Amino acid sequence: MTNCIKSEFYRIFHKKSVWRMTGACQAAVLLVNAALWGMNLLEGKTGGDFPWATTRFAFSLLEGYMNIPLFLSAVMGGLITGDELKHRTVNNSVAFGLSRDKIYLSRIPAGLAASAFCLLVTEAGYIGSGYLLLEDSGAEYTLSLLKGTAACVPAWIAGMTAVMSLYYLTGSRSAGIWSWLLIMVAVPAAVGVLGLKFAFCERLSSWLLYTMVSYCALDGDRLLYNWSTGAGVLKCMTAGFIGILVFMALGIVAIRRREL
């Protein structure tokens, strides 16, 4: 199993697509802070006031879109699995004597490492460039962003595990992505609408991953998220770990039944 995991690490970190995705994420967050800095500079030259060039606004902006990394986790899962069923490269591993369970489970830690690398590089670049280019609003907004990130990480891992599992279940990467969108986005949206009328659906909606990482409420001049309280952080992490276990079990069942 150890050798299998090592080979997955080698395969994944030698894929240009993983490095390109990390570079694209880094470029996107740097562009946000650079745009805020540029607008502030422009307003200053014309005598205007641009109040949004602060770490408070920049970090709150990222914290308010924790659902975007959930989508990126699906992209990462798709990059990890690739088109191995289409090209039947997975058959080589089976022929080498590896069990299907080991093939699937070895992809999880390697995928986590690739995702963690992408996340750390992106968020470090965003926070660092924010302090470099923007007005410092205080450590509380940085801590709030880091707290939200920690609370949402299990949900993002569940998202990556889900797309990998659905890939083996459906037999193609495109079908896996569409199935992921149905389960992770469309179903929570439908349950949320039903929750406006039925109390059970309202409670269920609050535990669904996409709803959980997307929830936001206004309290005076501050935004509140599910992870704004200690109990909310625990709930986010619990729902995420449940999702990981469920989709890992689905993936094992799917690869066992998949004709290779």
Side-chain angles (χ1 to χ4, degrees), residues 4-5 7-9 11-12 15 17-18 20-22 25 66-94 98-116 118-119 152-192 204-205 207-214 236-260:
C4 190
I5 293 175
S7 66
E8 282 301 311
F9 269 84
R11 183 181 68 87
I12 290 173
K15 289 172 72 78
S17 53
V18 172
R20 287 171 181 166
M21 179 177 173
T22 302
C25 291
M66 289 297 192
N67 55 340
I68 292 179
L70 185 64
F71 286 104
L72 294 177
S73 72
V75 176
M76 182 64 77
L79 295 178
I80 292 168
T81 52
D83 290 318
E84 61 179 6
L85 290 180
K86 178 181 178 181
H87 300 302
R88 307 186 71 84
T89 54
V90 69
N91 293 15
N92 297 331
S93 300
V94 175
L98 294 174
S99 69
R100 298 185 181 210
D101 290 7
K102 287 183 178 180
I103 293 172
Y104 173 77
L105 292 175
S106 66
R107 282 159 171 68
I108 303 298
L112 290 180
S115 300
C118 182
L119 174 64
C152 292
V153 160
W156 299 338
I157 297 173
M160 183 196 71
T161 308
V163 80
M164 294 169 63
S165 301
L166 293 168
Y167 170 70
Y168 289 112
L169 184 67
T170 60
S172 75
R173 184 164 56 178
S174 59
I177 291 292
W178 283 110
S179 300
W180 186 93
L181 289 171
L182 175 64
I183 294 171
M184 300 294 285
V185 181
V187 170
V191 174
L204 176 61
S205 177
W207 281 90
L208 297 179
L209 298 180
Y210 185 78
T211 305
M212 188 163 290
V213 300
S214 304
C236 287
M237 299 189 77
T238 301
F241 283 119
I242 291 173
I244 293 170
L245 294 176
V246 168
F247 287 117
M248 281 184 65
L250 175 64
I252 291 173
V253 171
I255 197 171
R256 285 177 179 176
R257 296 184 177 183
R258 169 61 47 190
E259 182 179 349
L260 300 178

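All heavy atoms count here, side chains included; hydrogens, waters and symmetry mates do not. Just so it is clear, the structure is predicted and the values come from calculations on it, not from any experiment.
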**OP:** For Ser73 and Leu70, indicate whether the former's side chain and the latter's backbone hold a donor-acceptor pair under 3.5 Å.
**Re:**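 Checked: pair present.
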Heavy-atom closest pair, residues [X] and [Y]:
X: Gly243; Y: Ala158; result: C-CB, 3.9 Å
X: Met160; Y: Ser115; result: SD-OG, 3.5 Å
X: Trp180; Y: Gly159; result: NE1-O, 3.0 Å

Is the shortest heavy-atom distance from the side chain of [X] to the side chain of [Y] under 4.5 Å?
X: Val163; Y: Met184; value: no
X: Thr238; Y: Trp207; value: yes
X: Leu166; Y: Leu250; value: yes
X: Met66; Y: Trp156; value: yes
X: Val191; Y: Thr211; value: no
X: Thr161; Y: Tyr104; value: yes
X: Trp178; Y: Thr170; value: no
X: Cys25; Y: Leu72; value: yes

Please report the interatomic distance [atom1]([X]) to [atom2]([Y]), rounded to the nearest 0.5 Å.
X: Ile108; Y: Ser165; atom1: CD1; atom2: OG; value: 6.5 Å
X: Phe71; Y: Ile177; atom1: CZ; atom2: CD1; value: 10.5 Å
X: Met76; Y: Ile157; atom1: CE; atom2: CD1; value: 12.0 Å

**OP:** State which residues pass side chain to side chain contact (heavy atoms under 4.5 Å, CB included) with Arg20; sequence neighbours excluded, sorted by chain then number.
**Re:**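 If we apply the side chain to side chain contact (heavy atoms under 4.5 Å, CB included) test to Arg20, skipping adjacent residues, the hits are Lys16.
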